[in-house]
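Worksheet: the structure to be examined is printed underneath.
Chain letters run A, B, ... following the sequence lines, proteins first and then strands; every chain starts at 1. Please read these numbers as outputs of a predicted model, since none were measured by experiment.
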Amino acid sequence: MQNDSQKGMLGSRFENFNAEPSPGLWDSISSGLDEKKKRRGIIWWWLGSGIAAIGLIAASIYSGQTSSAGLAKWNSTHESKIKREQLHPNFTASHSLIETDSLVNITNNQLNSGSSETTHLQPQKQKDTQDIIPIEDVLRANLDREEEVIKATQLKRVNLKKLEIAAPQLIALIESKSTLPPVDLTVKNKCHHWEIGFGLSSWQGVGSFGYKSFNEILVDSAAALDLMGGGSNVYTTNRPIGLAFHLGYHLNDRLRLVSGLSVESTQFKKVKNDAISADFFESTAGNFQSFSTYSIGVPIGVNYDFFKRNRLRFGVGLNLINEFVFAERIKPLYDANFVGPMSANNNFITGYNLGINPNLHVSYHLSEKIKIQATPGLRWYPISQAATTYDLPQRKFYWGGSVAMIWQL
Amino acid sequence: MVAACIDQNRQAQHTLYLRFVGMMKGICLRYAASEMEAEDILQEAFIQAFKNLHTYSNKGALGGWLRKITVHKALEQYRKNKSIHRIKEEVIGFSAATSSDDSVFDQLALEDLLVKIQSLPVGYRTIFNLYAIEGYTHVEIAELLGVSEGTSKSQFSRARQQLIALIEEEKVNENKRIAYAKR
């Protein structure tokens with residue numbers, strides 16, 4: 001029959017039990033420590049080179065520009081403490097008295113008489129404890145890097161729910177026993193929680209159209225067209241599509257800063273609305289078969305997850321988009337002698353668009369480190385200046401979004 | 001030495017390793033099924049210890065701090081396997097122990113006892129270590145492993161019975177060998 005006398009009955013026998021390690025063990029440990037140092041170094045080198053490349057592109061295109069609207073300062077030395085969701089936010093456990101470094105003999109008398117250690121539950125707001133992840137999270141995580149503890153804890157919430165709920169009390173309970181010397185095992189989080197990803201984006205202009213009067217003046221409404229004596233309806237729609245590189249930095253487990261780099265191609269398409277403008281439609285004002293502009297965008301913004309369950313996340317975000325237009329591609333209908341159609345030609349141009357992009361995002365974690373994220377949203381461009389060959393309608397509103405695969409580092 | 005280890009001084013880290021590796025490996029051997037598995041746990045425990053050494057507050061013995069990390073790393077290994085949920089009710093090849101006297105454990109040499117513990121299924125072995133050697137209560141073990149208190153008690157009971165049965169069976173076989181040798 002099992003009774004409490006069996007608890008720790010063999011502790012004393014194994015108290016001084018030592019075993020000889022294999023000869024190559026230290027080399028393996030040493031390699032493991034070096035690998036982690038090297039990995040961290042590579043990440044910083046790669047990020048630094050990416051930021052330098054962005055700065056170089058911006059400087060070369062904007063050599064004559066003085067305005068820096070939309071380019072936010074990026075504090076690369078920012079050390080943020082990740083605020084972890086505390087199940088019991090007001091307490092951590094610490095201890096005031098430690099006995100020895102060996103297993104203590106357990107007997108009923110010792111247990112009944114109480115331990116000589118004391119356990120205190122201290123308010124979380126003491127110094128050095130405000131942003132601490134309890135040790136059971138660090139030790140429980142099936143990962144090597146401390147910055148992944150948070151994510152591991154979140155993703156394994158279903159499996160370890162009981163332990164998480166009772167964790168602070170468990171620590172206090174375990175460390176009140178005299179079997180093992182109680183120690184303060186709180187771990188300070190060292191922040192730095194990066195993510196990178198790649199994706200595709202597609203947008204559709206909303207209300208991007210223009211009216212051309214008979215004397216080829218571009219107006220922006222049907223009423224204005226009437227005032228000009230009528231004309232033809234020449235619509236142009238624009239549709240940016242692109243590739244995007246995503247970079248994110250977690251301030252805590254819900255809030256993150258996002259940035260990255262996108263390369264977009266915006267295609268302009270003419271849509272003829274009435275038959276009588278056939279000649280006009282193919283006049284010099286609309287002399288193109290196809291027309292595209294190319295731009296590099298640097299978004300900077302914040303994302304916030306307001307819903308998290310198991311592998312699913314929903315959230316909102318707001319980005320500021322800095323777009324640098326650098327090229328156009330035109331395929332004219334005919335040349336100056338009205339001979340055509342002609343082959344396409346490319347021109348380097350300059351231009352800057354400032355966009356505001358509110359969005360929703362939904363992500364699904366395929367694993368602890370990989371997620372797929374869809375980000376539908378809107379874009380509004382209060383500033384749109386590009387020295388294109390054709391006088392095209394200015395960018396205003398777009399709807400669309402992106403889909404990306406993101407890796408947690 | 002601790003400060004030097006935090007500064008990633010390899011020599012200091014090696015010194016600390018030499019001082020505590022015996023104790024930590026002894027713990028790993030109790031939780032692992034083999035020496036190879038024990039060394040895997042041990043390696044992970046040391047890497048984590050060196051990574052988090054800056055959190056050691058010098059308030060208690062460093063050995064106790066390292067011991068706790070080792071035990072938790074061993075429990076991580078258990079959670080990876082999650083064999084406790086797959087332990088079948090049949091205890092193959094073993095009948096219930098005829099003796100309920102725990103003194104059989106004291107009669108066995110430590111190395112032999114360790115071998116017997118390693119031969120237990122991983123769930124039995126883990127709970128036996130936590131209860132009979134580390135001294136956790138069944139409530140604490142249930143919280144650590146994500147099982148019920150009743151499961152912890154029943155698994156410990158079966159582990160203990162299986163160990164005793166193994167020891168008694170070995171005694172019987174030994175007596176037979178001795179009796180045969182005397183002929």
Side-chain angles (χ1 to χ4, degrees), chain A residues 1-2 4-11 13-14 16-22 25-26 28-30 32-33 36-37 94-103 106 135-136 138-142 144-146 159-163 166 170 173-174 177-188, chain B residues 8 10 13-14 17 21-23 25-26 28-30 35 38-39 42-44 46-48 50-52 54-57 59-65 67-69 71-73 75-76 79-80 100 102 105-106 110 113-114 131-137 139-140 142-144 146 153 156-157 160:
Chain A
M1 183 77 176
Q2 173 188 305
D4 279 346
S5 66
Q6 294 169 333
K7 186 160 74 76
M9 62 182 176
L10 297 175
R13 289 206 68 191
F14 284 95
N16 295 315
F17 176 67
N18 289 341
E20 200 65 32
S22 64
L25 179 63
W26 171 247
S28 301
I29 292 169
S30 191
L33 291 170
K36 286 174 199 325
K37 232 193 294 183
S94 67
H95 299 81
S96 62
L97 183 61
I98 305 297
E99 290 287 319
T100 67
D101 64 345
S102 59
L103 286 173
I106 302 298
I135 183 59
E136 75 280 7
V138 175
L139 298 177
R140 181 163 28 91
N142 185 22
D144 297 328
R145 286 177 286 209
E146 61 191 334
N159 293 332
L160 299 170
K161 196 172 179 62
K162 289 182 189 175
L163 179 58
L170 176 62
L173 187 60
I174 291 171
K177 302 301 178 185
S178 60
T179 305
L180 296 173
V183 292
D184 183 8
L185 293 176
T186 51
V187 176
K188 282 189 187 177
Chain B
Q8 305 301 316
R10 198 60 91 226
Q13 289 175 335
H14 191 225
Y17 160 83
V21 66
M23 175 268 290
K25 180 158 182 186
C28 295
L29 281 172
R30 288 192 277 111
E35 180 145 2
E39 293 230 328
L42 185 58
Q43 181 178 336
E44 292 297 318
F46 264 111
I47 289 175
Q48 179 137 24
F50 285 129
K51 232 167 94 26
N52 293 310
H54 60 278
T55 67
Y56 171 63
S57 61
K59 281 186 185 172
L62 180 60
W65 189 79
R67 175 180 287 111
K68 198 149 193 180
I69 288 182
V71 170
H72 279 267
K73 272 296 171 186
L75 293 183
E76 262 185 38
R79 288 191 198 100
K80 278 185 199 175
S100 60
D102 290 329
F105 296 120
D106 295 329
L110 205 60
L113 180 57
L114 183 64
Y131 186 78
I133 302 177
E134 312 290 355
Y136 287 96
T137 65
V139 173
E140 294 162 352
E143 292 290 344
L144 274 172
K153 286 181 180 174
F156 170 75
S157 179
R160 178 179 157 275

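- Between atom CZ of residue Phe50(B) and atom OG of residue Ser30(A) there is a gap of 9.0 Å, rounded to the nearest 0.5 Å.
- The shortest heavy-atom contact between Glu20(A) and Glu35(B) is O-OE2, 4.1 Å.
- Residues Ile29(A) and Gln43(B) share a closest heavy-atom pair of CG1-CG, 3.8 Å.
- The CG atom of Leu10(A) lies 11.5 Å from the CG atom of Leu114(B); values are rounded to the nearest 0.5 Å.
- You'll find the side chain of Gln13(B) reaches within 4.5 Å of the side chain of Trp26(A), heavy atoms only.
- Heavy-atom minimum distance, Ala19(A) versus Lys25(B): CB-CG, 3.7 Å.
- Closest of all the heavy-atom pairs between Tyr17(B) and Ser22(A) is OH-O, 4.4 Å.
- We find the CZ-CG distance between Phe17(A) and Leu29(B) to be 5.5 Å, quoted to the nearest 0.5 Å.
- Distance check, rounded to the nearest 0.5 Å: CG of Leu33(A) to CD of Gln8(B) gives 6.5 Å.
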